[in-house]
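Working notes for the structure below.
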Number of protein chains: 2
Amino acid sequence: MWISTRGQYGLRALVELAQTNTLMPIHKIAERQDISLHYLEQILATMRRAGFVQSERGATGGYRLARDAKKITALEVIVALEGSLAPVACVEDSSQCSHVNACGTESLWRRVDATITGILGSYTVADLLEEARFQNALKMMKSQAPLE
Amino acid sequence: MWISTRGQYGLRALVELAQTNTLMPIHKIAERQDISLHYLEQILATMRRAGFVQSERGATGGYRLARDAKKITALEVIVALEGSLAPVACVEDSSQCSHVNACGTESLWRRVDATITGILGSYTVADLLEEARFQNALKMMKSQAPLE
DNA sequence: CTAATATCCGACTTAACCACTAGGATTTAT
DNA sequence: ATAAATCCTAGTGGTTAAGTCGGATATTAG
């Protein structure tokens, strides 16, 4: 498991926020997604500074998406919360490779990196919300169908 | 960087061993690949137990590949040295996901996992050796050509 | 027989990171 | 004024990464 809970929770929180455009307080997201409130607070703070969400303080405060869910990719979010996704150090910084002879593995790692970046860059928060709704609809149908 | 040095060093050591079918002592691999000898020792021990290499003890001892370099994939090696490559816990063990509602992200992570597995499974040690030789040949040509 | 050179094995270490938890300061609506 | 919310800084306990250290065992060369 090389994506930490910060990235996972962050993405899931954005999916939750994408369901509405009204303000949602942290505790609501936390309980719906079963995440520690204080921990989620820190994650949302990072995502606010990164420009994914906006907040309003005070009694009726909370969070909302700062821009359209279609304009936020999973890649941006994960990178903002976790830093580089490079599988090995020399991919993110080629000066790391102090090697005189070529080791033969660099192109493999570069391909892994590029592929992951491509996949994560192709998923938006809107896509994830759609997927969540689809999966929940499936679950409803199954639990509602004791005929057979 | 989510592939640790154990996996990287292990792969590179196998590429080194693939260059010859004679016994090669650890210290030679360690110095050619610039890896701590004692650390590499542990990595080779793991790879011996996993069946990638054979060893002979004593004064003229050393290591060799236990089977054809074309029959060892990068995936096997990395998994043997690092364990699961799953990006998130629920991908390697779906009981980890205690969530009542679908979070919408699972299919994304499954796709990432499957893609990585596919890429690493398609590279053999023989492929990596070929790549290393090609890169070294390129380097030679560049350093030998001050004409321009 | 004795070094010298190897592999083999287990324990230890140091630093960093993860996933929180704790406690309070500040802002705003009622 | 009070309650409800965000904001901010620190601390904590457990785990892992990347080695290091010291010695046991096996084999060969002289």
Side-chain angles (χ1 to χ4, degrees), chain A residues 1-13 17 22-31 33-50 52-66 78 81-90 96 98, chain B residues 1-13 17 22-31 33-50 52-66 78 81-90 96 98:
Chain A
M1 172 170 136
W2 45 275
I3 298 286
S4 75
T5 55
R6 280 221 294 283
Q8 297 174 57
Y9 293 173
L11 259 190
R12 279 160 52 186
L17 287 175
T22 64
L23 283 174
M24 191 182 290
I26 300 180
H27 72 84
K28 193 169 172 184
I29 306 175
E31 85 191 19
Q33 292 282 338
D34 194 33
I35 299 170
S36 147
L37 190 140
H38 260 76
Y39 191 34
L40 183 56
E41 207 172 272
Q42 294 170 15
I43 294 168
L44 280 168
T46 302
M47 294 202 293
R48 176 173 48 78
R49 287 177 213 118
F52 302 129
V53 295
Q54 290 174 338
S55 65
E56 276 183 28
R57 306 182 67 168
T60 59
Y63 283 87
R64 72 166 71 85
L65 292 188
I78 296 295
L81 291 170
E82 315 232 347
S84 167
L85 284 175
V88 301
C90 73
Q96 288 277 350
S98 60
Chain B
M1 173 170 135
W2 46 275
I3 298 286
S4 74
T5 56
R6 304 185 73 232
Q8 297 173 57
Y9 292 173
L11 259 190
R12 280 162 49 187
L17 288 175
T22 65
L23 284 173
M24 191 181 288
I26 301 181
H27 72 84
K28 192 168 171 184
I29 307 174
E31 87 192 16
Q33 292 283 337
D34 194 32
I35 301 171
S36 147
L37 191 141
H38 260 76
Y39 191 34
L40 183 57
E41 210 171 87
Q42 294 171 16
I43 294 168
L44 280 168
T46 302
M47 294 203 293
R48 176 173 48 78
R49 289 179 212 116
F52 302 129
V53 295
Q54 291 174 337
S55 64
E56 276 182 29
R57 305 181 67 169
T60 59
Y63 283 87
R64 72 166 69 86
L65 291 188
I78 297 296
L81 291 171
E82 315 231 348
S84 166
L85 285 175
V88 301
C90 73
Q96 289 277 350
S98 61

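Chain A is the first sequence line, chain B the second, and so forth, proteins listed ahead of strands; every chain is numbered from 1.
Look at CD on Q54(A): it is 14 Å from P on dT6(D), rounded to the nearest Å. Distance I43(B) CD1 to dT7(C) P: 14 Å, rounded to the nearest Å. In this structure, R57(B) atom CZ and dT5(C) atom C1' are separated by 12 Å, rounded to whole Å. What separates CD of E56(B) from P of dT28(D) is a distance of 8 Å, to the nearest Å. When rounded to the nearest whole Å, the span between CH2 of W2(A) and C1' of dT16(D) equals 18 Å. With rounding to whole Å, R49(A) atom CZ is found 14 Å from dT6(D) atom P. As rounded to whole Å, 11 Å separates atom C1' of dC21(D) from atom CD of E41(B). Note: CD1 (I29(A)) to P (dA4(D)) measures 18 Å, nearest angstrom.
Closest non-hydrogen pair, G7(A) versus L81(A), comes out as CA-CD1, 4.0 Å.
When distances run from any side-chain atom of A59(A) to the nucleotides dT26(C), dG19(D), dA4(D), the shortest one goes to dA4(D). Here dT21(C) is the nucleotide among dT21(C), dT7(C), dA18(D) with the atom lying nearest to any side-chain atom of H38(A). Candidate nucleotides dA5(D), dA29(C), dG19(D) were compared by shortest atom distance to the side chain of T60(A), and dA29(C) ranks first.
Listed pair S4(B) / dA18(D) meets the phosphate criterion, a side-chain N or O lying under 4.0 Å from OP1 or OP2. The shortest distance between the side-chain N/O atoms of Y63(B) and the OP1/OP2 oxygens of dC8(C) is below 4.0 Å. Proximity of T5(B) to the phosphate of dA17(D): no side-chain N or O atom is located under 4.0 Å from OP1 or OP2. Contact between the side-chain N/O atoms of R48(A) and the OP1/OP2 oxygens of dC7(D) is found at a separation under 4.0 Å. For S36(B), no side-chain nitrogen or oxygen approaches OP1 or OP2 of dA18(D) to under 4.0 Å.
A distance of 6.0 Å separates CG in L37(B) from CD1 in I26(B), rounded to the nearest 0.5 Å.
Place Q42(A) and H27(B) on DNA chain C by their nearest nucleotides, and H27(B) ends up nearer the 5' end. With the nearest nucleotide of DNA chain C identified for both Y39(A) and G58(A), Y39(A) has the one nearer the 5' end.
Residues R6(B) and T46(B) meet the side-chain proximity criterion, which asks for heavy atoms closer than 4.5 Å. Side chains of L23(B) and T60(B) form no contact here, defined as non-hydrogen atoms less than 4.5 Å apart. Between L44(B) and R48(B) there is no side-chain heavy-atom pair separated by less than 4.5 Å.
Here L44(B) lies out of heavy-atom contact (under 4.0 Å) with every strand.
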